[in-house]
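Before any comments, here is the structure.
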Amino acid sequence: MNPRDNTTPLAIEVTDLTVAYQEKPVLWDVDFNVPQGVLLAIVGPNGAGKSTLIKTILGLVKPVAGRILVLGAQYQARKQLIAYVPQRSSVDWDFPTNVLDVVMMGRYGHLGWIKRPGPSDKKLAMDCLDRVGMADFSNRQISQLSGGQQQRVFLARAFIQDAPIYLMDEPFAGVDATTEKSIIELLRELKRSGKTVICVHHDLETLKEYFDWVMLLNVRRVALGPIATTLTHDNLRRAYGGRALFLDPKGEQRV
Amino acid sequence: MFEDFFYLVAGNYTLQIVALGALILGITAGALGTFAVLREQSLLGDAISHATLPGVGLAFLLTQDKSPLTLLIGAGIAGWIGTICVKVITQTTRVNKDAALGLVLSVFFGFGLVIITIVQKLPTATKAGLDKFLFGNAATLLKEDVTMMIFLSSIVLFILTLFWKEFKLLTFDTDFFKSLGLPFHIFDILLTTLIVSAIILGLQTVGVVLMSAMLVAPAAAARQWTDRLGVMVILSSLLGAACCVAGAITSSIIPHMPTGPVITVYLSLTVIISLFLAPHRGLVWDWLRIFRNRAMIESASILENLLIISESHSDPLHPHSMALLKTMGSHALSRNINKLIKAGFIKKYPDQLLSLTPLGLEKAKQLARELQNEGGKN
């Protein structure tokens, strides 16, 4: 971040991370480093622990063992450094509130307890809605939004946090092709401005087109690195087993 | 009827106390009920209120004191233990949440009934009147009780206003709340405590059996009328207060009428009216909308079919037979045709012949364009 620093801290540094629900391990001894400024996709089969990994980094799930550093900072300090986009289906969209209000919720961390959002927060929220092309919807009741619009409202809520790192849980789930294109454009814009973006992703077909880094995960970390060198036939087979049918990363034939 | 109420209350000190107590209760339960409903904790409210009963009985057994403060502190502690039981059972065993709620509700309530029955048979306690905690008796509210209610309710509403934005986010999106670094457990416990307090507030007036109606019904009704959380809380408070005051006074006037059931009757009416008649969300408007849409689609299809036929003819306004339209699948022909004639879109000729008017031709073309655009969007 600071140009005078000789060593730029890693965006995310995870060491020996193990997470278990009751007895069953969901993540097992996971190590990885994510440098700053990448657009990283986390892929893996169902139950691979993708969402759990994101939630653990955020501190929503308590690990059994392991250490997580965000930009070199420990647990408490890192919360202001990450903006989170949860799965769209994780909230009740019939909640009595409107679009602008939801976006302003992204400011609550900055505001601190008790203090209410003011006109400057409102202006910020409108700017963020404008960025995702939803400015005209600011007064819309959230139950009247389509899936793609809901996703863009969640993105605006993350943008208003103005964090260096973005963690997104399936931002493309259930949105139409046009919205998917506009969302990926927004993510690229984040990357261009030096932010680190990490998404749980499920579509192997679009992986190469959308992202520049990839992590293959299946309870253990299978591989992590730039797409070109990491998305190999061998790694995919190790992450998905023999079950998956997907594009061979070198050619167009199916395996 | 309202005037009768007014004169009765205006001239009667006891009724004024009762009405004031009911007012306080209605406002507080209505406000907190909004959060109970939106957090999907309505059943938790029911379990907590039932779980307070053994607390009332034990508090009396241990202290031999029947002052409301003592009894309600006992109720509060029991309610809290009930809440913790639900949490512990769901988190540590394989019993799922609604079974845990059912367990706590019935076990605590059964235990409470046994204690109350024992207490009622004690020679020292014949006039303790603990049975009023079952179905409530607003007429027994004294000035001291109402003073205490005002005090407790002010604290509850003050905390609710103070942490408004935290409670709102907690209710809407728990994961995001945690991701901001806000302390989830503190606010979760705080909000649950406020809900428990609202329940305690109503035990004497409404009783443990029906107290959950006082939480859930005003909120459910208010949700029908508004899409804003702030408005919903205020509206829920007002509806709760109105029903509660009306019920408390009605039951005070009619001898041997327990208050809880009367309030619940008023609340039910409010909910039914709201479910059916509230604009936008009301069922009646839904039905009307569906009916109107169907009629509109039928009329539109008649216009479009006429357009399709006319395209195969040099004169677009040339009349065609109704039988042809029927074969093209236009429904409820005669009813909709009269409407279309009135609107000036089509013209009727003898021998069951129909034609578009110039206005109708424009309309049909516009509809066809709209249909195409919508197809392109998806």
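The chains referred to below are lettered A, B, ... by the order of the sequence lines, with proteins before strands, and numbering in each begins at 1.
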Please classify the contact between [X] and chain A as side chain, backbone, both or neither, with a heavy-atom cut-off of under 4.5 Å.
{"X": "B:R281", "answer": "side chain"}
{"X": "B:T171", "answer": "both"}
{"X": "B:F167", "answer": "neither"}

With rounding to the nearest 0.5 Å, note down the distance linking [atom1] in [X] to [atom2] in [Y].
{"X": "A:F95", "Y": "B:K168", "atom1": "CZ", "atom2": "NZ", "answer": "7.5 Å"}
{"X": "B:L182", "Y": "A:Y108", "atom1": "CG", "atom2": "OH", "answer": "10.5 Å"}
{"X": "B:M232", "Y": "A:T97", "atom1": "CE", "atom2": "OG1", "answer": "12.0 Å"}
{"X": "B:D227", "Y": "A:Q144", "atom1": "CG", "atom2": "CD", "answer": "6.5 Å"}
{"X": "A:D92", "Y": "B:L38", "atom1": "CG", "atom2": "CG", "answer": "7.5 Å"}
{"X": "A:R116", "Y": "B:T161", "atom1": "CZ", "atom2": "OG1", "answer": "7.5 Å"}

Between [X] and chain B, with a heavy-atom cut-off of 4.5 Å, which part of the residue counts as in contact: side chain, backbone, both or neither?
{"X": "A:D94", "result": "both"}
{"X": "A:L167", "result": "neither"}
{"X": "A:V102", "result": "side chain"}

Of all heavy-atom pairs between [X] and [Y], which one has the smallest distance, and what is that distance?
{"X": "A:P86", "Y": "B:D173", "answer": "CG-OD2, 3.7 Å"}
{"X": "A:I114", "Y": "B:E166", "answer": "N-OE2, 3.2 Å"}
{"X": "A:L58", "Y": "B:S179", "answer": "CD2-CB, 3.8 Å"}

Who wins among B:T34, B:L169, B:D175 for the most heavy-atom pairs under 4.5 Å with chain A?
B:D175

Give a yes or no on whether [X] atom [atom1] has more than 12 heavy-atom contacts from other residues, nucleotides or ligands under 6.0 Å away.
{"X": "B:R289", "atom1": "CZ", "answer": "yes"}
{"X": "A:K122", "atom1": "NZ", "answer": "no"}
{"X": "A:Y21", "atom1": "OH", "answer": "yes"}

Please check: side-chain N/O of B:K165 versus main-chain N/O of A:K115, any donor-acceptor pairing under 3.5 Å?
yes

At a heavy-atom distance under 4.5 Å, which candidate from A:Q141, A:R157, A:Q161 has the highest pair count against chain B?
A:R157

Audit row: B:F172, A:I142, side chain to side chain contact (heavy atoms under 4.5 Å, CB included) steps and yes/no
CA-CA 12 Å; B:F172 174 61; A:I142 58 170; 3.7 Å; yes

